[in-house]
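Keep in mind that the numbers below use all heavy atoms, side chains included, and drop hydrogens, waters and symmetry copies.
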Number of protein chains: 2
Amino acid sequence: MEQRCENCIVRQFNSLRAMSKEELKKVSDSKTTKVLKKGEALFEEGEKLNGVYCVRGGVSKLSKLSPNGKDQIVKLATKGEVMGQRAIIAEEASNLSAVAVSDMEVCFIPKDSIATTLQKNPNFTMEVLRHMAHDLKEADDVIVNMSQKTVKQRIAEAFLYLKNNFGETEEGFLKLTLSREDIANVVGTATESAIRIISEFKKKGLIRSSGKQIGIVDERKLQDLAEGF
Amino acid sequence: MEQRCENCIVRQFNSLRAMSKEELKKVSDSKTTKVLKKGEALFEEGEKLNGVYCVRGGVSKLSKLSPNGKDQIVKLATKGEVMGQRAIIAEEASNLSAVAVSDMEVCFIPKDSIATTLQKNPNFTMEVLRHMAHDLKEADDVIVNMSQKTVKQRIAEAFLYLKNNFGETEEGFLKLTLSREDIANVVGTATESAIRIISEFKKKGLIRSSGKQIGIVDERKLQDLAEGF
DNA sequence: GTAATACTATGATATATATCAGGTTTTGGG
DNA sequence: CCCAAAACCTGATATATATCATAGTATTAC
């Protein structure tokens with residue numbers, strides 16, 4: 001696989017595309033590549049990061065522990081996304097933990113290369129800003145979903161999200177396979193409740209499953225359900 | 001009251017402090033001041049903004065209508081905060097509505113002055129970025145609260161938030177008075193449920209009230225409650 | 001000053017969801 | 001291949017919260 005940032009396609013999806021050739025070169029020289037197995041942690045909530053992680057492949061969950069001991073997944077980061085940016089910019093410890101939910105390959109980029117580029121290249125800063133503006137909007141949407149939709153609606157929505165963002169295999173199964181617990185933590189409910197509703201969806205013919213894999217059968221009905229019909 | 005941005009104290013609280021003298025002058029020349037009565041709308045969800053609003057006084061709720069017809073308040077913006085930034089940066093229509101919850105005075109700053117400064121002054125861009133990073137973290141916290149805490153916990157938390165962010169009067173009442181409906185919309189519950197829990201808090205001596213005003217009596221216990229004891 | 005309208009309050013009931021407890025099935029390491 | 005551990009499933013029950021209904025109480029408008 002391509003080892004230089006300058007030639008990395010992943011870069012096209014994130015704010016690094018606004019970097020100049022020289023800046024990219026510096027980043028590329030200072031970066032290190034890391035391979036993670038499903039389940040391995042990249043960083044923990046409260047940890048001070050000294051760089052950001054650019055996802056080359058695989059998916060990571062970004063979650064936050066609530067006082068009652070449950071883990072709330074706030075975002076799933078995939079190819080092209082940069083994790084840890086927020087903490088670096090705010091000069092704070094990370095407010096989230098990152099754990100791989102599939103095997104991953106990520107590049108670690110030390111804080112310095114990012115910080116100096118932020119100071120010197122307004123285009124880059126602006127690009128980062130745009131991405132953050134987008135994330136903020138998504139977070140607002142999640143807040144509304146959490147407070148106004150039922151668990152059933154949120155689970156239906158989650159499946160559609162998984163399809164739209166991570167795609168399907170040839171046989172029509174969701175490419176990203178999450179455990180029931182992870183699904184529960186995405187929608188903010190108890191694992192048992194998530195399991196029950198998933199079974200119900202299966203019985204109703206909205207989804208099907210084969211082992212761990214889940215396939216969407218009736219997208220239209222799922223959509224309606226998510227919207228409250 | 002001071003009419004020039006260059007001398008406006010409010011500016012110290014927001015990203016405008018990173019502007020140069022000349023930039024501020026331009027902003028000041030192009031801005032217009034607006035006075036709003038409690039209940040009046042500043043902009044609506046889906047509306048295309050052609051500028052941002054800088055709050056000089058009073059408080060505005062930023063909310064989003066959910067498909068089921070309920071309004072979820074995502075943020076309360078007060079003195080010094082800039083509203084509409086996210087939409088301008090992302091070049092999208094606003095995802096939120098802004099309505100005054102107390103009498104307000106705001107300055108409207110046309111998009112152009114902001115956009116050109118964003119292009120030319122990296123310090124300003126960086127400052128905006130820092131603010132947005134902060135907002136994003138807060139949004140993540142709200143997501144976790146929404147999904148993991150009970151309504152009772154969230155209401156307790158809301159009162160503490162109101163005290164810490166908007167202060168108390170001489171007599172020990174919260175300066176910002178919200179209707180029960182607004183409180184319900186902040187914590188994401190039905191108005192009746194909010195009313196019930198507020199009555200309960202009163203009975204238990206955690207808060208007191210006089211007309212519309214609410215005063216915090218036992219902050220410690222409220223805190224404990226919010227954390228789940 | 002009175003009518004109309006919004007806001008607050010409280011009870012009764014229904015419902016969604018969490019929790020607890022017991023299973024079965026699947027998975028991965030030795 | 002087997003065993004232990006993890007993941008999944010299902011039932012019974014408890015609980016929080018929404019919803020519906022009704023009434024009192026402020027606020028505003030005429």
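Among residues at least two apart or in separate chains, there is no ring pair (Phe, Tyr, Trp, His ring centres under 6.0 Å) pair with a member in residues 137-165 of chain B. Applying the side-chain hydrogen bond (donor to acceptor under 3.5 Å, both in side chains) rule to pairs touching residues 36-55 of chain A yields nothing, sequence neighbours excluded. The ring pair (Phe, Tyr, Trp, His ring centres under 6.0 Å) contacts involving residues 179-209 of chain B comprise nothing, where partners must be two or more places apart or lie in separate chains. Pairs engaging residues 60-101 of chain A under the ring pair (Phe, Tyr, Trp, His ring centres under 6.0 Å) rule: none recorded [sequence neighbours left out].
The side-chain heavy atoms of E200(B) and R196(B), taken from C-beta on, include no pair separated by under 4.5 Å.
Annotation: side-chain hydrogen bond (donor to acceptor under 3.5 Å, both in side chains) contacts of E192(A) (sequence neighbours excluded): none. Under the side-chain hydrogen bond (donor to acceptor under 3.5 Å, both in side chains) criterion, S63(A) pairs with D71(A), sequence neighbours left out. The side-chain hydrogen bond (donor to acceptor under 3.5 Å, both in side chains) search around S199(B) returns none, not counting sequence neighbours.
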Q.
Checking N165(A) against T78(A) for the side chain to side chain contact (heavy atoms under 4.5 Å, CB included) test, could you report, in this order, the C-alpha distance in whole Å, the side-chain angles of both residues, the deciding distance, and whether it holds?
A. CA-CA 9 Å; N165(A) 286 271; T78(A) 181; over 6 Å; no
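K149(B) and S66(A) share no side-chain donor-acceptor pair at under 3.5 Å.
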Without placing hydrogens or testing angles, list every side-chain donor-acceptor pair under 3.5 Å for residues 166-175 of chain A, not counting sequence neighbours.
from	atom 1	to	atom 2	distance (Å)
T169(A)	OG1	E171(A)	N	3.4
T169(A)	OG1	E171(A)	OE1	3.4
T169(A)	OG1	F173(A)	N	3.1
T169(A)	OG1	F173(A)	O	3.4

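Taking a 4.0 Å limit (strictly below) on heavy-atom distances, residues 192-220 of chain B reaches DNA chain D at E192(B), S193(B), R196(B). Of the residues in residues 142-153 of chain A, those with a non-hydrogen atom less than 4.0 angstrom from any atom of DNA chain C are T150(A), V151(A).
Considering V55(B), V99(B), L36(B) in turn, L36(B) is the only one that fulfils the side chain to side chain contact (heavy atoms under 4.5 Å, CB included) rule with L42(B).
Across all strands shown, T191(B) has no heavy atoms under 4.0 Å from either base or sugar-phosphate atoms.
First and last contacting nucleotides of DNA chain C toward chain B (any atom under 4.0 angstrom from a heavy atom, 5' to 3' order): dC7(C) to dA12(C).
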Under the rule of Watson-Crick or G-U wobble with both distances under 3.5 Å, where | means paired to another strand and [ ] a crossing pair, DNA chain D maps to ||||||||.|||||||||||||||||||||
